[in-house]
Participant: 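Input: one structure, supplied below.
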There are 2 protein chains.
Amino acid sequence: MSNIRKVAELAGVSVATVSRTLKSPDIVSPATRDKVLQAVETAGYRPNRMAVQFRSRRSHNLAVLVPTIANTFFARVIAGIQQAAREQGYGVLLCNTLGREEEELQYAGMVAARQADGIIQLRAFNPFPEDAVEPGQALPMVNACEVLDDAPCPTVKIDNRAAARTLTEHLIALGHRRIAMIQGPRRSPLTRDRVAGYRDALEAAGIVPDDALLCPGDFTPRAGHEAVTTLLDRTVRPTAIFCESDEMAIGAISRLKQAGLSVPDDVSVAGFDDIAFARYSDPPLTTVAQPAEAFGRRAVDMLIDILEARGQGASHVVLPYELVIRDSTAAPRA
Amino acid sequence: MSNIRKVAELAGVSVATVSRTLKSPDIVSPATRDKVLQAVETAGYRPNRMAVQFRSRRSHNLAVLVPTIANTFFARVIAGIQQAAREQGYGVLLCNTLGREEEELQYAGMVAARQADGIIQLRAFNPFPEDAVEPGQALPMVNACEVLDDAPCPTVKIDNRAAARTLTEHLIALGHRRIAMIQGPRRSPLTRDRVAGYRDALEAAGIVPDDALLCPGDFTPRAGHEAVTTLLDRTVRPTAIFCESDEMAIGAISRLKQAGLSVPDDVSVAGFDDIAFARYSDPPLTTVAQPAEAFGRRAVDMLIDILEARGQGASHVVLPYELVIRDSTAAPRA
DNA sequence: TTGAAAGCGCTAACAT
DNA sequence: ATGTTAGCGCTTTCAA
């Protein structure tokens with residue numbers, strides 16, 4: 001493996017000149033530049049990134065803390081992150097945390113260890129110990145998708161409460177009054193906000209919320225499936241089910257069909273996220289489309305803004321969502 | 001940020017002793033060890049990974065080249081990679097290549113640039129230029145899932161031909177004779193092997209293959225959907241469709257239902273992969289289960305074997321698959 | 001515009 | 001068992 005010294009020799013210049021030629025070609029004379037580039041070519045020289053990073057105290061890596069990559073929504077967010085990072089010369093270190101705080105703390109340590117310059121956290125948890133970063137310095141973190149209420153860093157999200165309200169209003173407008181909700185994880189702000197939006201809509205329509213219609217879940221199809229099993233036992237069954245993720249909606253529909261019920265004729269089902277499968281579900285899913293890739297791209301931009309201290313930019317970004325009405329929701333049976 | 005020298009001072013030892021205490025605690029005296037660890041604690045010392053990596057010429061990063069992370073099958077493979085890498089002290093650099101060779105070449109350059117120690121390639125393409133690595137040295141790469149015929153490195157896969165044959169035999173045993181196939185990308189060895197297995201089964205049953213029943217695809221639900229549109233135009237329609245991925249199978253079923261056809265009563269549909277959604281599809285999908293996480297874990301183990309030169313281990317691993325029969329396949333209409 | 005030289009934080013060979 | 005010391009390959013003053 002050839003290094004900068006070999007190239008310098010070959011070109012008959014100093015190592016400093018080689019470094020400069022590669023980093024700021026415009027400050028060396030054209031003649032020198034040509035010589036150097038020629039030498040780089042013949043030597044097959046590639047700068048040693050470990051050395052560059054070490055010396056310049058920048059790893060140019062972003063650590064992404066994701067609860068689970070095996071979720072098509074997060075996968076899309078990560079795809080957005082990867083693309084944006086690459087475009088700006090950053091690498092992406094993947095950290096599949098399974099939502100465990102212990103893991104998240106460890107991964108956040110990558111910043112202290114200079115393995116990553118900053119992190120993108122896709123869950124509402126601050127993995128930095130209080131004393132982890134120099135006081136006065138901005139935390140090198142962006143919190144996206146599921147966001148802390150009092151995040152100590154920039155955030156990117158949609159207005160979950162409004163989105164949930166919009167979706168619930170759609171259901172109410174169709175004539176539903178017994179609307180169940182299959183929720184995300186108990187403590188998640190996502191769940192709290194969406195339940196709030198759901199309540200907003202019910203109250204505005206003069207419907208008394210019934211907690212018996214609230215089912216716990218965890219965003220997986222399996223959770224949707226199980227929650228419906230519970231709901232089918234209710235003496236008064238819901239006529240519509242609002243699922244906090246498309247994956248749960250798909251699980252829910254599967255269970256309803258097992259029970260011999262038709263969607264949407266017997267029960268309407270709505271999801272959240274608008275994953276690729278939503279339109280191929282039977283029936284195609286009514287859902288709230290989230291800008292998954294945009295979450296990722298935006299988070300990267302904001303994080304790099306912090307890292308390179310190029311203006312602090314907007315610190316709390318709210319991206320638009322969209323209600324997508326397909327065929328899984330309809331008026332209840334008369 | 002405190003460094004090793006500060007810790008050495010604090011503990012009243014040399015920097016070498018600090019380094020040793022952290023790397024091989026057993027070769028320093030207990031008394032010294034305590035002093036040092038104490039000092040590490042008070043100083044809040046974290047070794048600078050950039051420096052460690054630079055000096056020891058090991059990044060302890062693995063680059064993963066994945067055609068698209070927005071595919072639940074690959075997402076599972078990556079989850080397996082991440083877990084295994086973490087357990088062995090390696091980081092995972094995610095490289096979403098979209099299957100573009102240009103991108104893959106660039107990412108493979110990370111090894112030359114010492115940003116990654118090796119790569120896991122999930123597509124049948126060798127991204128290393130011939131002269132990229134010292135001759136005599138093993139290529140720091142493992143090729144998994146979709147594997148080159150003459151891979152210059154260890155590989156992990158299933159026997160795709162046998163798996164396709166098994167699945168096709170299942171369809172034939174049910175009584176199908178007009179079996180369509182929705183394929184993966186044209187040039188993929190995966191496609192070639194699975195088509196071969198499909199032909200094997202047909203021939204063994206004395207069925208003449210009909211190329212009009214072979215549809216191109218790309219593993220996405222959309223491709224499955226479109227392929228069925230084509231198939232429905234055939235004068236003699238197939239009674240069964242073998243899709244090379246569950247995602248395509250889901251798209252295919254969606255299109256069949258749109259056309260008013262019932263699965264499996266009118267047409268049987270089988271998939272490949274056994275993604276999480278397969279069992280929640282309507283009807284639940286008959287498919288070939290692939291050990292996705294195991295692919296990832298195994299690939300990591302094999303790559304680290306190369307990197308740390310700890311025995312070369314098996315170089316071409318074939319993992320088991322399993323035919324999972326659910327409800328999307330049945331005997332054809334009489 | 002270019003070169004000389006210091007040094008980033010750490011590891012490892014060598015010496016004690 | 002511990003210390004001394006020479007760099008790893010690069011960037012970046014500072015001087016010419």
Side-chain angles (χ1 to χ4, degrees), chain A residues 1-40 43-61 89 109-117 308, chain B residues 1-40 43-61 89 109-117 308:
Chain A
M1 214 53 214
S2 66
N3 58 25
I4 201 171
R5 239 173 300 118
K6 286 220 191 73
V7 175
E9 264 173 54
L10 242 136
V13 299
S14 71
V15 294
T17 299
V18 176
S19 177
R20 279 192 281 257
T21 306
L22 264 23
K23 271 216 8 176
S24 2
D26 34 301
I27 65 165
V28 301
S29 77
T32 316
R33 196 188 314 153
D34 291 349
K35 272 194 301 183
V36 172
L37 294 178
Q38 178 63 50
V40 165
Y45 173 65
R46 299 269 328 225
N48 180 330
R49 289 260 318 210
M50 294 284 90
V52 173
Q53 294 173 1
F54 168 48
R55 175 59 226 231
S56 54
R57 302 157 127 93
R58 282 251 121 105
S59 68
H60 276 268
N61 282 149
M110 289 174 133
V111 173
R114 311 272 175 186
Q115 197 179 2
D117 295 339
E308 305 187 350
Chain B
M1 215 55 211
S2 67
N3 58 25
I4 200 172
R5 240 172 302 118
K6 286 222 191 71
V7 175
E9 263 173 55
L10 242 134
V13 299
S14 70
V15 294
T17 299
V18 176
S19 177
R20 278 193 281 259
T21 306
L22 264 22
K23 271 213 11 173
S24 1
D26 34 302
I27 66 165
V28 302
S29 78
T32 315
R33 195 190 313 152
D34 290 349
K35 271 195 300 183
V36 172
L37 293 178
Q38 178 63 49
V40 164
Y45 172 65
R46 298 271 324 228
N48 180 329
R49 289 260 317 208
M50 295 283 91
V52 173
Q53 293 173 0
F54 169 48
R55 174 61 227 227
S56 54
R57 307 158 123 90
R58 282 251 119 104
S59 67
H60 276 269
N61 282 150
M110 290 175 132
V111 173
R114 312 272 175 185
Q115 197 179 3
D117 295 340
E308 304 188 350

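Small disclaimer: the values here were computed from a predicted structure and weren't measured. Heavy atoms only: backbone and side chains are in, while hydrogens, waters and symmetry mates are out.
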Participant: Quick one: Asn3(A) CG to dC8(D) P, roughly how many Å, whole number?
Facilitator: 8 Å

Participant: Would you kindly check whether a donor in the side chain of Arg55(B) faces an acceptor in the base of dG9(D), or vice versa, at under 3.5 angstrom?
Facilitator: no

Participant: Taking CD from Gln53(A) and C1' from dC10(C), how many angstroms apart are they, rounded to a whole number?
Facilitator: 15 Å

Participant: Could you tell me the separation between the CZ atom of Arg46(B) and the C1' atom of dC10(C), rounded to a whole number of Å?
Facilitator: 15 Å

Participant: Measure NZ/Lys23(A) against P/dT2(C) and give the value in whole Å, please.
Facilitator: 17 Å

Participant: Measure from NZ on Lys35(A) to C1' on dT1(C) and round the result to the nearest Å.
Facilitator: 11 Å

Participant: In whole Å, what is the span from the CZ atom of Arg5(B) to the C1' atom of dT5(D)?
Facilitator: 13 Å

Participant: Does a side-chain N or O of Thr17(B) approach OP1 or OP2 of dG3(D) to a distance below 4.0 Å, or not?
Facilitator: yes

Participant: Think Ser19(B) has a side-chain N or O under 4.0 angstrom from the OP1 or OP2 of dC10(C)?
Facilitator: no

Participant: What is the separation between atom CZ on Arg49(A) and atom P on dC10(D), rounded to the nearest whole Å?
Facilitator: 13 Å

Participant: Per the atom types in the model, does the base of dG3(D) pair as donor or acceptor with the side chain of Arg20(B) at under 3.5 Å?
Facilitator: yes

Participant: Has Ser56(B) got a side-chain N or O lying under 4.0 Å from the OP1 or OP2 atom of dA12(C)?
Facilitator: no

Participant: Work out which heavy atom in Val111(A) is nearest to a heavy atom in Asp117(A); give both atom names and the distance.
Facilitator: CG1-O, 4.1 Å

Participant: Can you check the Ile4(B) CD1 to dG7(C) C1' distance for me, whole Å?
Facilitator: 16 Å

Participant: May I ask you to evaluate whether Arg57(A) reaches the phosphate of dT11(D), defined as a side-chain N or O under 4.0 Å from OP1 or OP2?
Facilitator: no

